[in-house]
Amino acid sequence: MGRRPPKAPPKGPGRAKPRAHAKSTTPEAAEVEQLRRDLAEAQRRLREVEERGADAFLAGRLAELEEARQVARGQAVEAALARSRVEAELNALRDSVAKAKGVAGWLLRWAQRRNQKT
């Protein structure tokens, strides 16, 4: 059994046209695409300023920035709480290792000292 010969591309006005703007993964193409998105965003904001006026646009932008600031502050508080919880857990583990009895306790303390040297 042989392989089929490949189909010839269709001819005429209904044929598929090759893609002229295929996605490229080069850094330059990615940078150009990012610049296009930035330009579109800037044009959108300019239209918004023209339609609503500068004062309304600035008021909306200030509200967005205030919301972002509050979110960042909330995340910072959550991070501080998580850090204090982890530090408390670490101290509890260190106390447990220090109070462990017998050979197992001795091995834990030995491993802890060895780990602190490296």
Side-chain angles (χ1 to χ4, degrees):
M1 301 233 166
R3 292 177 53 191
R4 276 190 193 176
K7 278 188 168 181
K11 296 180 181 178
R15 69 185 182 123
K17 295 182 180 174
R19 287 186 171 187
H21 194 329
K23 290 267 184 183
S24 179
T25 58
T26 63
E28 293 83 12
E31 184 179 2
V32 168
E33 193 60 35
Q34 179 63 40
L35 290 172
R36 283 189 179 131
R37 285 193 296 269
D38 292 345
L39 176 62
E41 177 65 18
Q43 289 172 339
R44 181 191 67 78
R45 286 188 176 193
L46 183 58
R47 277 193 304 275
E48 190 176 335
V49 167
E50 290 171 349
E51 291 171 0
R52 294 185 350 186
D55 292 339
F57 175 77
L58 289 176
R61 184 69 180 133
L62 286 174
E64 289 174 13
L65 291 173
E66 178 64 22
E67 182 181 347
R69 185 187 67 81
Q70 289 176 352
V71 168
R73 187 173 185 175
Q75 289 174 344
V77 169
E78 288 175 5
L81 288 173
R83 180 178 179 174
S84 66
R85 268 189 242 115
V86 168
E87 285 176 347
E89 187 176 340
L90 177 62
N91 287 335
L93 286 172
R94 284 182 177 158
D95 289 344
S96 296
V97 167
K99 293 177 184 175
K101 297 180 180 179
V103 176
W106 178 82
L107 282 172
L108 285 171
R109 287 186 290 279
W110 176 78
Q112 185 181 26
R113 280 191 304 272
R114 186 176 175 126
N115 192 26
Q116 287 175 352
K117 289 179 183 178
T118 58

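Start at 1 with the first residue, then count along the sequence.
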Arg113 and Gln116 side chains, donor-acceptor separation under 3.5 Å: no

Step-by-step salt bridge (charged side-chain N to carboxylate O under 4.0 Å, His left out) determination, Glu33 to Arg36: CA-CA 5 Å; Glu33 193 60 35; Arg36 283 189 179 131; 3.8 Å; yes

Pairs touching residues 55-68 that satisfy side-chain hydrogen bond (donor to acceptor under 3.5 Å, both in side chains), sequence neighbours left out: Arg61-Glu64, Glu66-Arg69, Glu66-Gln70

Over 12 foreign heavy atoms within 6.0 Å of CZ, Arg37: yes

Salt-bridge criterion met for Glu41 and Arg44 (N-O under 4.0 Å): yes

Please output the side-chain donor-acceptor pairs of residues 86-96 that fall under 3.5 Å, not counting sequence neighbours, one pair per line with the distance.
unit_1 : atom_1 : unit_2 : atom_2 : d
Glu87  : OE2    : Arg83  : NE     : 3.1
Asn91  : ND2    : Glu87  : O      : 3.4
Ser96  : OG     : Ala92  : O      : 3.0

Side-chain cluster (under 4.5 Å, hydrophobic types only) that Leu108 belongs to, other residues: Val97

Test item: Leu39 and Leu35 side chains (from C-beta on) under 4.5 Å apart, heavy atoms: no

Donor-acceptor contact present, side-chain Arg109 to main-chain Ala100, <3.5 Å: yes

Non-hydrogen atoms of Arg45 and Phe57 that approach each other most closely: CD-CZ, 4.1 Å

